Amino acid sequence: HVLVAMGVPRDLALGAIRAEAQVQVTVTAPRAPGATGNVIWDPANYPAFYVSPYTGTVGTQQGVTLNCVDFFHDAVLNQSYAANLTSLAGNLSSTRFNNVDLYMQAAWLSQQFGSNPASNPSRSIAIQAAIWQIFDVGYYRLTRDAPNYTGQSYWVTEARNNYATLNRSDFYVLTPTNPSSSYSQQEFLVYNPSAVPEPATLTLVATGLAGLAAARRRRKKNVEHTLI
């Protein structure tokens with residue numbers, strides 16, 4: 001989340017990035033791409049902060065929707081850092097939590113914010129709190145609970161009941177290259193339904209769509225505030 005200084009279309013193609021790669025990540029805005037406002041949460045005993053989703057740059061791709069999945073690490077607006085981009089359909093050993101079921105529950109929740117999360121901040125805060133709770137059960141009681149969409153328990157249950165409907169290959173995790181350090185940056189989840197599976201002989205970063213087309217022809221022949 002983004003600390004408040006005191007005093008997306010959500011679908012984004014990362015087709016130019018391999019399914020497993022090291023990329024530069026930059027958070028550029030504390031709101032979803034195309035959103036008209038920020039969601040600010042001011043829980044007791046914590047400083048006020050912006051709730052994800054955020055807008056960022058992943059590699060050369062701008063306007064990426066970044067969903068915050070862990071509460072205890074920081075990133076800084078407009079400050080780049082190196083991260084491993086890992087498909088949820090792949091090996092998760094380089095991710096912070098290394099648990100595909102938890103990431104898929106968070107992935108399902110990330111799709112429930114709507115195109116403009118600020119239009120219903122209570123709902124958005126509850127969804128974000130549910131994501132954090134999934135990764136550390138019993139700790140993230142930072143919002144009031146309720147038996148409907150404004151309570152995080154509602155969303156935790158919904159995620160557990162519905163995450164299996166998603167396609168793992170549609171989602172990626174962006175994990176700092178030093179994930180075990182307490183000084184490392186935030187880990188994010190990205191929805192990317194049009195991603196290209198990692199090819200052994202094709203470098204998409206340089207060739208983009210032209211490279212994709214060429215590959216298909218050859219085969220036919222032979223994604224100053226502190227974020228936490």
Side-chain angles (χ1 to χ4, degrees), residues 1-4 22-32 38-43 45-58 64-77 79-88 90-113 117 124-143 152-153 155-156 159-160 163 166 168 171-192 223 225-228:
H1 53 267
V2 183
L3 295 180
V4 177
Q22 187 173 116
V23 294
Q24 289 294 309
V25 177
T26 308
V27 182
T28 57
R31 71 191 69 86
N38 305 315
V39 179
I40 299 176
W41 188 9
D42 189 10
N45 303 317
Y46 286 89
F49 49 78
Y50 298 113
V51 170
S52 75
Y54 309 128
T55 301
T57 298
V58 178
V64 182
T65 300
L66 302 174
N67 297 284
C68 171
V69 298
D70 84 282
F71 184 79
F72 290 112
H73 294 84
D74 299 346
V76 178
L77 280 176
Q79 191 172 105
S80 298
Y81 63 93
N84 293 312
L85 188 154
T86 305
S87 169
L88 289 187
N91 185 335
L92 301 182
S93 60
S94 65
T95 64
R96 183 159 275 147
F97 299 99
N98 194 20
N99 186 314
V100 68
D101 290 329
L102 298 185
Y103 281 116
M104 289 300 291
Q105 290 172 43
W108 185 86
L109 287 167
S110 75
Q111 299 306 291
Q112 310 310 310
F113 284 109
S124 298
I125 289 169
I127 293 172
Q128 178 67 88
I131 292 173
W132 290 331
Q133 183 179 336
I134 282 170
F135 288 101
D136 192 346
V137 176
Y139 182 83
Y140 298 119
R141 292 296 191 179
L142 301 183
T143 186
Q152 68 198 64
S153 293
W155 289 108
V156 169
R160 290 171 178 166
Y163 78 94
L166 299 180
R168 293 181 183 181
F171 295 88
Y172 293 82
V173 183
L174 294 167
T175 309
T177 53
N178 57 339
S180 61
S181 171
S182 60
Y183 298 101
S184 69
Q185 295 87 352
Q186 175 64 59
E187 183 175 72
F188 293 111
L189 189 63
V190 176
Y191 176 49
N192 181 30
V223 131
H225 294 306
T226 302
L227 291 106
I228 315 176

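Quick caveat, the model's predicted, so the values are computed rather than measured.
Side-chain atoms of T86 and S94 include a donor-acceptor pair closer than 3.5 Å. Between the side chains of T175 and T95, not a single donor N or O lies within less than 3.5 Å of an accepting N or O.
Side-chain atoms of Q128 come within 3.5 Å of backbone N or O of C68 as a donor-acceptor pair.
Looking only at side-chain heavy atoms (C-beta outward), P53 and S110 stay at 4.5 Å or farther from each other. Annotation: side chain of V39 is in contact with side chain of I125 (closest heavy-atom distance under 4.5 Å).
Heavy-atom minimum distance, V69 versus Q186: N-NE2, 3.7 Å. Nearest heavy atoms, A129 versus Q152: CB-OE1, 3.3 Å. Closest approach of S93 to N98, counting heavy atoms only: N-OD1, 3.6 Å. The two atoms that bring Y54 and A29 nearest to each other are CB-O, 3.4 Å, heavy atoms only. Between Q112 and I127, the shortest heavy-atom distance links the atoms O-CD1, 3.5 Å. Residues A159 and I134 share a closest heavy-atom pair of CB-CD1, 4.1 Å.
The side chain to side chain donor-acceptor pair (under 3.5 Å) search around S124 returns none, not counting sequence neighbours. Under the side chain to side chain donor-acceptor pair (under 3.5 Å) criterion, Q185 pairs with no residue, sequence neighbours left out. Under the rule for a side chain to side chain contact (heavy atoms under 4.5 Å, CB included), the partners of S181 that lie at least two apart in sequence or sit in another chain are N178, Y183, S184. Scored by the side chain to side chain donor-acceptor pair (under 3.5 Å) test, N38 finds R31 as partners (sequence neighbours excluded). For T177, the side chain to side chain donor-acceptor pair (under 3.5 Å) test picks out no residue, with sequence neighbours left out.
Under the side-chain contact (heavy atoms from CB on, under 4.5 Å) test applied with Y103, the options W108, F97, Y172 reduce to a single match, F97. With respect to L66, the side-chain contact (heavy atoms from CB on, under 4.5 Å) criterion is satisfied by exactly one of T57, L189, L174, T55: L174.
Within the structure, salt bridge (charged side-chain N to carboxylate O under 4.0 Å, His left out) pairs that include any residue of residues 95-105 comprise D70-R96 (at least two apart or interchain).
Taking CD of Q133 as the start and CZ of F71 as the end, the distance is 13.0 Å to the nearest 0.5 Å. Atom CG in L102 sits 11.5 Å away from atom CE in M104 (nearest 0.5 Å). One distance of note links CD1 of I131 with CH2 of W155; it measures 10.5 Å at 0.5 Å rounding. Here OH of Y50 is found 4.5 Å from CD1 of I40. Values are rounded to the nearest 0.5 Å. For the atom pair CZ (F113) and OG1 (T65), the distance works out to 10.5 Å, reported to the nearest 0.5 Å.
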